[in-house]
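What you see below is based on every heavy atom in this structure, not just the backbone, and it leaves out hydrogens, waters and symmetry mates. We name chains A, B, ... by the order of the sequence lines, and we start the count at 1 in each one.
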Amino acid sequence: MDELARFAMRTNACGTVTKNNLGDEVILTGWVHTRRDHGGLVFLDLRDRSGIVQVVVDPTQHAAFETAHTIRSEYVLYITGRVKERPAGTINPNLPTGEVEVEAYNIKILNKSKTPPFEIDGTSVDEVLRLKYRYLDLRRADMQHNLMTRHKVVTRVRDYLNNNGFIEIETPMLTKSTPEGARDFLVPSRLQPHHFYALPQSPQLFKQVLMVAGFERYYQLARAFRDEDLRADRQLEHTQIDMEMSFMTEEGILELVEGMVRDVFEIADVKIPTPIQRMTYDEAIHRYGCDKPDLRYGMEIEDISDIVEKADFKVFANTVKNGGAVRGIAAPGCGTFSRSRIDELTEFAASNGAKGLAWIALEPEGNVRSPIAKFFREDQIEAIIKRLKANPGDLLLFVADKPVKASSILGSLRIKLADQIGLIQPDVFNFLWLVDFPLFGWDEDENRLDPNHHPFTMPRVEDIPLLDTEPLKVRSYAYDLIINGTEVGGGSLRIYDQGLQEKIFELIGLNVEEAREKFGFLLEAFEYGAPPHGGLAFGLDRLVAILLQKKTIREVIAFPKTQTGSCLMSGAPDTVTEQQLRELHIKLS
RNA sequence: GGGGGCGUAGUGUAGCGGUUUAACAUUCCGGCCUGUCACGCCGGCGAUCGCGGGUUCGAAUCCCGUCGCUCCCGCCA
């Protein structure tokens, strides 16, 4: 019933005291949320994890009454009293316990508290202070709710996976540095001078070995470490719901995972449509200019190359002539934007790599305002408006560049504008599987093919012939789950054919020895009967943040780090002693 | 590595070149109060305006630097 009271020094948890307890003598423990001292009568709101209950202290209880006057916020109390109905007219409908109160006979102060640096009950507090005194910040109702929701998500996930034949297996935190991917966190080995472990960027290789080992369905709530710059949705360490399955098709994996996502969102009473909408990578890039489109609003990108290729506007015409594209979006209701407001957009586009940003403002009355309109015939402008499905009052924005680049710049503008003009309905959730990712990208710096997901990703069967001819056109069995424009999870089917795997290594410029050096143990394992397998990993922090509609994952992590990687509470990172360094055979420069 | 924002009593904000002894709310401290629940009323303490330098007759206010936090680009297979 009241699990916080079971085995405990109290008889009830504060938030669970109701009319059912009328007349009961109870022992409560908790923190003083607020004190209302009326001189002749003292009210204490006592708070524990379960909630708040009002304690009333009457002068007839001399000792308790004396104590009550000395009590301050956040003191820890042990209260003995009786549950009473509140007098008529004093019921507090805002409190689950608002119909009753506890008349205290005895108050024992278990611990005092310094005056907190901010009010636990208060609203916005500077994040520096919140992080420094995180234990106080975490007492706030909002943070308690966030972490409890996180716990519920984890519980749902475990239940779902356990019921579907998965077993949870831990993989090492001290492992081998693999040069692909993000920057590794390194841990020096004391026993083996000049050798280092790396903290895992993900359990990728180990979970595939577990498939070879015959576990068939594995999961782990795994911490993953990446030494890259932090963002609102990126910490140095994050938690993955990591999964791998054998003898599954892509379709099977997506369906299985949809069930898990459905269960998770039930926590927030969000019904998700299944099957979850699918979209190919190519379509997303063309229509939304990114591989994680937010489909809660429109503003789709349209190609107008064919309309403008013969127009007098040289920038557009030449771009098309040289194999580029001219594309645009229609920003609803932005036709009245001032010149300076549009200049800001141009600057933003430039910071995303645009050479320029052309625009046509359709004023609400029907006038066209634009520095480039004079280069077009009326019928061309009409055609553009029609292509972009624009309405009076819209602002049309155009980028001329290489096709994909034009789309990606417009994609960034689309997101920025949607945010600026409030197009995003915050309590709507949009789920999307993005599928058919290209197997490779092109690494401009090193002038070679680069695996888009990772080197074990399986190319789509029908595209395998293209490996030799047009490898950049090869699609893969790789998929991402996108919620509201955030990549929440991603994975792939893996290669289990040695010949194919060697070919992929070759294509990305790894010879057999190099591949052995980097992934040897996995490749060796594959020689002993690797089953077809595949999997994915979810970012738990992002998932919970989206569920709770939080802007940053710091709100759903108990002890997060700042953008410079500091823990303001513990003071990490910090210097270490000479002695520690000596044992690790490390000399600082 | 680059671009933007913020930094003023414990907390949240206002003030943005001069009658400002830096304001308001809240917290905190003291007093009064037997039905409050953001308790109320009265009184009080509390800030050299992140730090350093510059411009100026005069700087919280303008400029430069620096530190911290934050958002974004790069980066994050």
Side-chain angles (χ1 to χ4, degrees), chain A residues 33-46 52-60 65 69 72-74 84 86-95 97-98 101 103 114-133 136 178-184 201-202 204-205 224-236 238 344 347-354 408-409 412 415-416 419 437 439-441 443 445 449-457 476 478 487 490-492 508 518-519 537 539 551-552 554 561-566 568:
Chain A
H33 195 62
T34 51
R35 177 185 63 120
R36 292 178 295 280
D37 189 339
H38 288 226
L41 193 69
V42 180
F43 296 98
L44 301 168
D45 284 346
L46 194 67
I52 286 172
V53 69
Q54 173 167 284
V55 175
V56 59
V57 193
D58 195 88
T60 54
F65 191 67
H69 287 303
R72 295 295 180 269
S73 285
E74 302 305 313
K84 299 216 156 167
R86 290 199 187 189
T90 65
I91 285 170
N92 184 349
N94 302 320
L95 229 49
T97 61
E101 62 191 4
E103 198 176 82
K114 286 170 72 170
T115 300
F118 52 85
E119 291 149 69
I120 307 301
D121 210 6
T123 46
S124 69
V125 184
D126 188 79
E127 200 173 0
V128 176
L129 214 58
R130 292 179 56 199
L131 291 176
K132 180 167 181 195
Y133 298 95
L136 298 179
T178 52
E180 306 284 319
R183 197 177 291 110
D184 275 324
Q201 293 181 27
S202 86
Q204 185 62 37
L205 303 180
F225 303 85
R226 294 173 190 179
D227 189 5
E228 299 291 348
D229 287 1
L230 294 87
R231 288 286 155 74
D233 62 351
R234 273 161 39 187
Q235 284 272 308
L236 297 178
H238 72 281
E344 269 173 42
E347 244 170 74
F348 175 79
S351 78
N352 281 275
S408 97
I409 291 161
S412 309
I415 294 167
K416 187 190 173 67
D419 185 45
F437 276 79
L439 188 63
F440 302 114
D443 188 326
D445 297 333
L449 293 171
D450 193 40
N452 222 330
H453 185 51
H454 61 56
F456 312 107
T457 303
S476 61
E487 179 197 333
S492 64
I508 61 176
K518 291 181 177 184
F519 315 109
K551 283 204 175 70
T552 108
R554 296 188 297 276
K561 293 184 176 55
T562 67
Q563 197 162 44
T564 47
S566 298
L568 297 179

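- Counting heavy atoms from C-beta on, the side chains of A:V42 and A:V56 never come closer than 4.5 Å.
- Here OG1 of A:T552 is found 10.5 Å from CD of A:Q563. Values are rounded to the nearest 0.5 Å.
- Look at the P atom in both B:C67 and B:U13: the space between them is 25 Å, to the nearest Å.
- B:G52 and B:C72 have their P atoms separated by 32 Å, with the value rounded to a whole Å.
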Where do N or O atoms of nucleotides 2-6 of chain B meet protein N or O atoms at under 3.5 Å, pair by pair?
none

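- No side-chain heavy atom of A:H453 sits under 4.5 Å from any side-chain heavy atom of A:F437.
- Computed from coordinates, the A:L439 CG to B:A77 C1' distance equals 12 Å when rounded to whole Å.
- Salt bridge A:D45/A:R36: present, at least one basic N to carboxylate O contact under 4.0 Å.
- Side-chain contact between A:N452 and A:F440: absent, with no pair of heavy atoms (C-beta onward) separated by less than 4.5 Å.
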N/O contacts under 3.5 Å, protein versus nucleotides 48-51 of chain B?
none

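- Annotation: B:G3 and B:G15 have their P atoms spaced 29 Å apart (nearest Å).
- Among the heavy atoms of the strands lying under 4.0 Å from A:Q204 is at least one base atom, whether or not backbone atoms are also near.
- The base of B:C29 has none of its N or O atoms less than 3.5 Å from a complementary donor or acceptor on the side chain of A:R72.
- With values rounded to the nearest 0.5 angstrom, A:T564 atom OG1 is found 9.5 Å from A:L236 atom CG.
- Picking from B:G68, B:C75, B:C71 the nucleotide with the shortest atom distance to the side chain of A:V128 gives B:G68.
- Residue A:R130 is out of contact with every strand shown, counting any heavy-atom pair closer than 4.0 Å.
- Between the base of B:G12 and the side chain of A:E119 there is no donor-acceptor pair shorter than 3.5 Å.
- For A:R226 and B:C76, a side-chain-to-base donor-acceptor distance below 3.5 Å is absent, hydrogens and geometry of angles not being considered.
- Here the side chain of A:T562 is nearest to one of B:U70, B:U13, B:C75, namely B:U70.
- Put simply, CZ on A:F65 and CG on A:L41 are 7.0 Å apart, with the number rounded to the nearest 0.5 Å.
- A donor-acceptor contact under 3.5 Å is formed by the side chain of A:D229 with the base of B:G74.
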Give each protein N/O atom lying under 3.5 Å from an N/O atom of nucleotides 32-35 of chain B, with the pair distance.
{"from": "B:C33", "atom 1": "N1", "to": "A:H38", "atom 2": "O", "distance (Å)": "3.3"}
{"from": "B:C33", "atom 1": "N3", "to": "A:D37", "atom 2": "O", "distance (Å)": "3.1"}
{"from": "B:C33", "atom 1": "N3", "to": "A:H38", "atom 2": "O", "distance (Å)": "3.4"}
{"from": "B:C33", "atom 1": "N3", "to": "A:G39", "atom 2": "N", "distance (Å)": "3.4"}
{"from": "B:C33", "atom 1": "N4", "to": "A:D37", "atom 2": "O", "distance (Å)": "3.3"}
{"from": "B:C33", "atom 1": "N4", "to": "A:G39", "atom 2": "N", "distance (Å)": "3.2"}
{"from": "B:U34", "atom 1": "OP2", "to": "A:G40", "atom 2": "N", "distance (Å)": "3.0"}
{"from": "B:G35", "atom 1": "N1", "to": "A:E101", "atom 2": "OE2", "distance (Å)": "2.9"}
{"from": "B:G35", "atom 1": "N2", "to": "A:E101", "atom 2": "OE1", "distance (Å)": "2.5"}
{"from": "B:G35", "atom 1": "N2", "to": "A:E101", "atom 2": "OE2", "distance (Å)": "3.2"}

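- The partner of B:G7, taking Watson-Crick or G-U wobble pairs whose two distances both stay under 3.5 Å, is B:C67.
- The base-pairing partner of B:U55, taking Watson-Crick or G-U wobble contacts with both distances under 3.5 Å, does not exist among the strands shown.
- Between A:K84 and A:E101 there is no salt bridge, since no side-chain nitrogen of the basic residue lies less than 4.0 Å from a carboxylate oxygen of the acidic one.
- Listed pair A:R554 / B:C71 meets the phosphate criterion, a side-chain N or O lying under 4.0 Å from OP1 or OP2.
- With both ends at atom P, the span from B:A22 to B:G10 equals 16 Å, rounded to whole Å.
- The nucleotide B:C49 finds no pairing partner, because no Watson-Crick or G-U wobble arrangement with both distances shorter than 3.5 Å includes it.
- Counting heavy atoms from C-beta outward, A:R226 and A:H238 have side chains that approach closer than 4.5 Å.
- Using cut-offs of 30° and 60° for the angle between ring planes, the A:F456 and A:H454 rings count as tilted.
- Under the 3.5 Å distance criterion, the side-chain polar atoms of A:R86 are matched with a main-chain donor or acceptor of A:G98.
- Nucleotide B:U34: unpaired (no Watson-Crick or G-U wobble partner with both distances less than 3.5 Å).
- Comparing the C1' positions of B:G53 and B:C28 gives an interatomic distance of 36 Å, to the nearest angstrom.
- Between A:T564 and B:C69 there is a side-chain polar atom (N or O) within less than 4.0 angstrom of OP1 or OP2.
- The CD atom of A:Q54 sits 8.0 Å away from atom OG1 of A:T97, with the distance rounded to the nearest 0.5 Å.
- Considering only side-chain N and O atoms, A:T115 lies nowhere under 4.0 angstrom from the phosphate OP1 or OP2 of B:C28.
- The separation between A:F118 atom CZ and B:C28 atom C1' is 16 Å, rounded to whole Å.
- Pair assignment for B:U20: none, as no Watson-Crick or G-U wobble contacts are both less than 3.5 Å.
- Residue contacts for A:I52: at a heavy-atom cut-off of 4.0 Å it reaches no nucleic acid atom on any strand shown.
- Not one side-chain nitrogen or oxygen of A:R36 sits closer than 4.0 Å to the OP1 or OP2 atom of B:U36.
- Across all strands shown, B:A14 forms no Watson-Crick or G-U wobble pair with both distances under 3.5 Å.
- Across all strands shown, A:D227 has no heavy atoms under 4.0 Å from either base or sugar-phosphate atoms.
- In this model, the phosphate group of B:C39 is not approached by any side-chain N or O of A:R35 to a distance below 4.0 Å at OP1 or OP2.
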